[in-house]
Amino acid sequence: MGSPKMAAIIVVAALLMLSPSQAQLSPFFYATTCPQLPFLVLNVVAQALETDDRAAAKLIRLHFHDCFVNGCDGSILLVDVPGVIDSELNGPPNEGIQGMDIVDNIKATVESACPGVVSCADILAISSQISVFLSGGPIWVVPMGRKDSRIANRTGTSNLPGPSETLVGLKRKFRDQGLDSTDLVALSGAHTFGKSRCMFFSDRLDNFNQTGRPDPTLDPIYREQLRTVCATQQTQQPRANFDPVTPTRFDKAYYNNLVSLRGLLQSDQELFSTPRADTTAIVRNFAANERAFFKQFVKSMIKMGNLKPPPGIASEVRLDCKRVNPVRAYDVM
Ligand code: HEM
Ligand SMILES: *[C@@H]1O[C@H](CO)[C@@H](O)[C@H](O)[C@H]1NC(C)=O
Ligand SMILES: *[C@@H]1O[C@H](CO)[C@@H](O)[C@H](O)[C@H]1NC(C)=O
């Protein structure tokens, strides 16, 4: 009683009782089980970028949409199984989301090198880092050790913000996840690459908010460029680059665009143009200082990547990111 030895036993016992999701994520999580993981992912993402210049954008968006629904647990990747899995991919905010094929390629490569070890949730997290890095953005060490859930939460996709959301709504949805105004502005900086379908901003071009006029916070020259892009007949739905200046580079141009009223979505421009908003000064700071943006982006990505599933959800390292494992051998988070 009270001896150092007894104290040590209690500490060890307490550590053993930690369930996987309560355990802290660690950059060394795969240091012995899959030390080559970053290189495997780097190869597949670099290869994907050769034929698809939106590959990086698609991957980081998947990670964001994963983390905002029941935490970062790979739940977004589960496909529909009637009566069993109500896929998040059928939730309106995930309509038309892309990049799952790239995730499958990464997973296949990782499985052949380190079978049954690396979760799909971790693959999304590290793929996002490598996507940002390969696009000219910062490099950081990603905390790892997430598990994949055995359930999806389609109704939970209403946690995701929409393109016509006002700043109040954006802030609330981020605050619900423990993310503040600075995180909101920094993470929105991911709209420095990738594209949006015209249907998400076309209301801003003509009849904004039922006013019969364009969005007054949209630069008229940019507006005409967008009109041209969206009028082009294509086999697929027309899309516009989020960043007209450096569409595939991860840089601070997104913020300079906002300052010159060239944000693509209403939700982007709100960050700068909402009167008396605390976010305006943050946008100006990042527009002036790429190092400040990169530094905060890394912090906010780690914070978002730490979002945990609710307690009690069955978890595992999924072998196929699209489906739960057949064998019911899993832990409870
Ligand atoms: C702040 C609220 C946000 C809203 C309202 C929003 C909304 C959207 C919308 C409507 C699209 C276009 C989807 C399509 O055309 O199918 C999009 C694309 C994208 N989003 Fe967001 N987003 C937000 C935050 C984020 C965050 C936090 C990230 C990542 C950290 C992110 C990363 C991306 C990327 C990279 C794309 C382009 C994907 C592609 O080219 O396929 N977004 N977003
Ligand atoms: C689904 O997500 C919602 C919103 O975050 C949450 O309230 C609910 O508890 C979740 N359901 C499950 C089964 O995890
Ligand atoms: C849209 O119009 C409503 C009603 O006139 C107004 O309350 C709201 O602030 C407007 N939203 C934007 C983003 O201008």
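Remember, it's 1-based here, ligands and their atoms both numbered in the order they're listed.
Taking the ring centroids of Phe297 and Phe250, they lie under the 6.0 Å cut-off. Between Phe174 and Phe68, the ring center distance clears the sub-6.0 Å criterion.
Numbered from 1 in the order shown, with element, the atoms of ligand 1 that lie under 4.0 Å from a heavy atom of Phe174 read 1 (C). Within ligand 1, counting atoms from 1 as listed, the ones closer than 4.0 Å to a heavy atom of Ser188 are 1 (C). Residue Leu265 has at least one heavy-atom neighbour below 4.0 Å for each of these atoms of ligand 1: 7 (C), 8 (C), 9 (C), 10 (C). Ligand 1 places these atoms under 4.0 Å from at least one heavy atom of Arg54: 39 (C), 40 (O), 41 (O). Atoms of ligand 3 lying under 4.0 Å from at least one heavy atom of Gln266, given by number and element, are 13 (C). Interface of Ile60 with ligand 1, defined as ligand atoms under 4.0 Å from a residue heavy atom, comprises 35 (C).
With respect to atom 19 (C) of ligand 1, the closest heavy atom belonging to the protein is Arg61 CD, 3.2 Å. For atom 14 (O) of ligand 2, the nearest non-hydrogen atom of the protein is Asn70 ND2, 2.9 Å. Of the protein's non-hydrogen atoms, the one nearest atom 13 (C) of ligand 2 is Ile151 CD1, 4.1 Å. Counting protein heavy atoms only, atom 5 (O) of ligand 2 is closest to Asn159 ND2, 3.0 Å. Scanning the protein heavy atoms around atom 12 (C) of ligand 3, the nearest turns out to be Asn209 ND2, 3.2 Å.
Around atom 29 (C) of ligand 1, the closest heavy atom drawn from Gly194, Gly189, Ala190, Gly96 belongs to Ala190. With Phe250, Phe201, Phe200, Phe242 as candidates, the residue nearest to atom 14 (C) of ligand 1 on a non-hydrogen basis is Phe200. Atom 3 (C) of ligand 2 has its nearest heavy-atom neighbour, among Asp73, Asn153, Thr157, Asp176, in Asn153. Nearest to atom 2 (C) of ligand 1 by heavy-atom distance, out of Pro161, Ser196, Pro247, is Pro161. Of the candidates Met304, His191, Glu270, the one placing a heavy atom closest to atom 22 (N) of ligand 1 is His191.
Contact annotation: for Val69 versus ligand 2, there are no heavy atoms closer than 4.0 Å. Of all the heavy atoms of Ile97, none lies under 4.0 Å from any atom of ligand 1, so neither backbone nor side chain is involved. In Glu270, the part holding a heavy atom less than 4.0 Å from any atom of ligand 3 is the side chain.
In this structure, Lys58 is part of the shell of residues with a heavy atom less than 4.0 angstrom from ligand 1.
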